[in-house]
Amino acid sequence: MELLNNAAFFEAADAMTAASRWILPALAALILLRCAVSMLSGKPEREVWGWLSLPNGAKIELTNWENIVGRSGSADVRLDYSSVSRTHAALTRDMKGGWTVQDLRSKNGTKLRGRPLREPAAIHAGDIVSFGGASCVFTPSTVKDEKTQARTRRRPGARVHPGATLILLTAFTLTLGVQHTAAAGEGVSPAVPTAFLALTVLMWACYAITRGLHRTGFEVETLAFFLTAIGLGVCASSDPEGLWKQLACLAAGVALYFFIGSWLRDLERAKAMRAPMAVIGILLLVVNLVTARSIFGAKNWIRIAGISFQPSELVKICFVFTGAATLDRLYRKRNLIAFVAFAGACVLCLGAMSDFGTAAVFFAAYIVIAFMRSGSFATVLLSLAGTGLGVFMVLTARPYVLSRFSAWGHAWQDPQGGGFQQTRTMAAAASGGLLGLGGGKGRLHLVFAADTDMAFGMVAEELGLIVAVVSILALVLLALFAVRSAGQARSSFYAIGACAAVTILLTQLTLNVFGSLDILPFTGVTFPLVSKGGSSTISVWGLLAFVKAADARQNASFAIALDRKKEKKHKKAGGERV
């Protein structure tokens with residue numbers, strides 16, 4: 001630490017800080033652009049797992065592990081026959097390559113090998129299956145088919161190498177660390193430079209792990225580490241000593257990310273966790289409700305052995321696990337009703353804690369999951385109507401919540417009262433301009449809860465509007481990628497999980513940014529990975545595992561297991577097995 005007490009070091013750091021006010025926005029924009037090109041360019045490539053041959057000779061591809069057969073335009077396998085129901089049957093593939101077919105209470109029934117289908121049954125190559133009288137011959141893909149397919153599919157990183165993007169991110173992280181070290185002067189806490197160096201080591205270690213697993217996609221992790229670097233800057237400005245806890249939670253979050261990703265390799269095991277996850281989620285909220293103390297009207301923190309955490313953040317992972325059901329249960333009403341009851345219990349517990357911002361986040365995720373599972377607008381509209389009644393009752397019963405709504409859109413009319421935080425955020429963002437004042441040189445962090453509820457304002461003040469907007473676009477890019485990936489995801493579990501996860505992240509982002517700028521009511525939810533908070537950091541990294549699992553690009557997701565022996569055999573031929 002002798003270097004930190006060297007006056008010459010700080011003079012040089014000050015000079016670098018002045019130059020870096022131009023460098024950081026350029027690096028941030030370039031990192032985002034490279035990730036966007038890698039994640040969104042090119043036409044999405046489908047994987048074909050089998051075929052259904054029609055009597056007229058036409059062949060329909062089975063591009064998912066779970067395929068709806070029916071007359072509906074949204075069916076995966078559309079059979080335009082009047083005798084076929086809109087959602088007639090389902091063809092499902094397991095992880096070992098076995099297939100089953102089941103009737104979905106169709107009007108004219110399903111037959112397998114000439115016999116009426118009463119229960120889900122195994123289906124093999126050459127079997128004839130009749131959907132309402134429309135006979136089809138089933139042909140699954142072979143290992144040879146899959147090898148050929150793997151050789152022809154693009155791998156991420158071919159056009160935009162993730163290692164080069166990570167070098168840019170390293171420069172961004174270390175430059176930001178120097179800014180904060182210089183701003184603190186000779187009294188800088190050792191936690192400040194240590195945090196940024198540790199983050200650099202961690203992200204390169206993660207890159208090495210993914211490369212060691214023969215994965216070439218690293219964009220999700222790059223965007224997450226980019227936001228994490230900005231979040232360390234927010235913490236360094238407001239609470240330098242808090243960086244130690246933030247680093248510990250970051251390490252725990254990354255470990256959880258890899259653990260969930262590996263767990264999701266086995267879909268049957270993942271599906272078996274639905275009920276335990278629902279129980280764990282409810283128990284966490286109930287314990288929180290019973291034991292937590294009220295802080296500024298909300299009871300959303302509990303303290304154990306001197307460590308405080310927010311259970312509702314961890315419940316988000318349980319919520320996605322429980323909601324991301326696979327096809328065998330999509331059309332069972334009792335299963336959907338059970339999820340509705342679970343979601344309602346979560347929102348009611350959060351309402352009882354007076355944590356209405358987080359309740360809104362859960363409700364947004366519930367709407368997405370409910371629609372993806374049922375395909376029913378009626379279910380969504382009914383839920384929205386019930387929510388409208390609930391909001392009216394809350395505003396009537398909770399006066400301080402009503403005061404938040406009454407201040408909405410009128411922050412400058414009461415800058416010392418209801419609009420105190422919003423007016424300070426807007427003033428700080430304006431003072432930062434396009435390039436910012438420099439890391440650690442802002443004043444907004446002196447306002448209570450600025451590093452959580454007003455993190456966007458702190459970023460805009462210190463790093464400038466360009467970096468602040470890029471941080472928003474980073475999460476938007478993750479959401480676009482998740483939606484794009486959902487169309488090619490192997491399982492509905494992956495698709496629903498990814499879309500629910502990014503819905504949670506986008507809802508938090510919207511409430512945090514627009515709330516602090518007085519565009520929406522101020523709710524006090526966090527900016528994912530940017531706001532200070534260990535529980536939130538762990539939760540976001542856990543949710544990102546679902547986004548990664550839905551990535552069906554060739555050799556992109558570690559949630560998809562590789563056959564190492566076959567991998568080695570045909571690497572020589574220029575291809576890799578999915």
Side-chain angles (χ1 to χ4, degrees), residues 26-47 63 150 152-170 172 203-204 206-207 209-211 213-230 254 257-258 260-261 264 368 467 469-491 494-506 509 528-530 540-560 576 578:
L27 287 173
L30 192 54
I31 291 167
L32 180 72
L33 177 62
R34 288 178 63 86
C35 288
V37 170
S38 182
M39 297 167 85
L40 302 181
S41 64
K43 187 178 180 180
E45 296 178 315
R46 300 181 301 172
E47 294 177 290
T63 57
T152 60
R153 299 178 75 230
R154 296 189 312 271
R155 291 189 302 171
R159 295 182 58 187
V160 181
H161 198 284
T165 308
L166 193 56
I167 291 173
L168 295 174
L169 179 55
T170 300
F172 179 89
M203 60 193 189
W204 278 101
C206 290
Y207 180 68
I209 291 172
T210 58
R211 297 296 291 189
L213 294 172
H214 304 285
R215 269 53 175 197
T216 58
F218 199 70
E219 304 92 346
V220 172
E221 295 89 343
T222 298
L223 292 172
F225 281 124
F226 168 71
L227 293 171
T228 299
I230 296 175
V254 172
Y257 170 76
F258 280 103
I260 293 178
L264 292 177
V368 170
V467 175
V469 170
V470 169
S471 66
I472 292 175
L473 294 178
L475 283 172
V476 173
L477 177 57
L478 281 172
L480 291 174
F481 178 66
V483 173
R484 177 186 170 98
S485 298
Q488 283 73 45
R490 294 181 170 186
S491 168
Y494 295 149
I496 296 174
C499 289
V502 294
T503 297
I504 290 174
L505 299 180
L506 277 186
L509 171 70
L529 294 177
V530 174
V540 172
W541 276 98
L543 292 173
L544 288 174
F546 291 94
V547 179
K548 188 72 171 180
D551 187 355
R553 296 176 300 169
Q554 182 70 27
N555 283 43
S557 175
F558 56 80
I560 299 174
E576 296 190 36
V578 177

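Using bins of under 30°, 30° to 60° and over 60° for the plane-to-plane angle, the ring pair Y207/F218 lands in the perpendicular bin.
S557 places a side-chain N or O within 3.5 Å of a backbone atom of K548 that can act as its donor or acceptor partner. Using modelled atom types, no side-chain atom of D551 and backbone atom of S485 make a donor-acceptor pair closer than 3.5 Å.
Here the side chains of C206 and F225 are in contact, with some heavy-atom distance below 4.5 Å. You'll find the side chain of R484 stays beyond 4.5 Å of the side chain of M39, heavy atoms only. Contact of the L505 side chain with the L529 side chain is not registered, since no non-hydrogen atoms from C-beta on lie closer than 4.5 Å. Between I504 and L543, some side-chain heavy-atom pair lies under the 4.5 Å cut-off. Within the 4.5 Å cutoff, side-chain heavy atoms of F226 are placed close to those of V470. V502 places none of its side-chain heavy atoms less than 4.5 Å from the side chain of F481. Proximity of Y257 to V540: side-chain heavy atoms (C-beta onward) are nowhere separated by under 4.5 Å.
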Item checked: Stepwise side chain to side chain donor-acceptor pair (under 3.5 Å) check, T165 with R34 -> CA-CA 7 Å; T165 308; R34 288 178 63 86; 2.8 Å; yes

Next item on the list: Take W541 and T228, measure what side-chain contact (heavy atoms from CB on, under 4.5 Å) needs, and give me the verdict at the end.
Entry: CA-CA 10 Å; W541 276 98; T228 299; 4.0 Å; yes

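Other residues, nucleotides and ligands contribute over 12 non-hydrogen atoms within 6.0 Å of the CZ atom of R211.
Minimum interatomic distance between V368 and A500 (heavy atoms only, all atoms of both residues): CG1-N, 4.5 Å. Minimum heavy-atom separation, T216 to Q554: OG1-O, 4.2 Å. Nearest heavy-atom pair, E221 versus T210, reported as atom, atom and distance to 0.1 Å: OE2-CG2, 4.2 Å. Closest non-hydrogen pair, A552 versus Q488, comes out as CB-O, 3.4 Å. For V37 against V160, the heavy-atom pair with the smallest separation is CG1-CG2, 3.7 Å. When all heavy atoms of V547 and A482 are compared, the closest pair comes out as CG1-CB, 4.3 Å.
The SG atom of C35 sits 12.5 Å away from atom CG of L473, with the distance rounded to the nearest 0.5 Å. Rounding to the nearest 0.5 Å gives a distance of 5.5 Å between CZ of F546 and CG of L264. If you take CG on L478 and CG on L227, they are separated by 7.5 Å, rounding to the nearest 0.5 Å. Atom OG1 in T222 sits 11.5 Å away from atom CG in L32 (nearest 0.5 Å). Rounding to the nearest 0.5 Å gives a distance of 12.0 Å between CG of L27 and CD1 of I167. The CG atom of L168 sits 5.0 Å away from the CG atom of L30 when rounded to the nearest 0.5 Å.
In this view, F258 and F558 satisfy the ring-ring contact (aromatic ring centres under 6.0 Å, His included) rule, not counting sequence neighbours.
The pair E219-R553 counts as a salt bridge, with a side-chain nitrogen and a carboxylate oxygen less than 4.0 angstrom apart.
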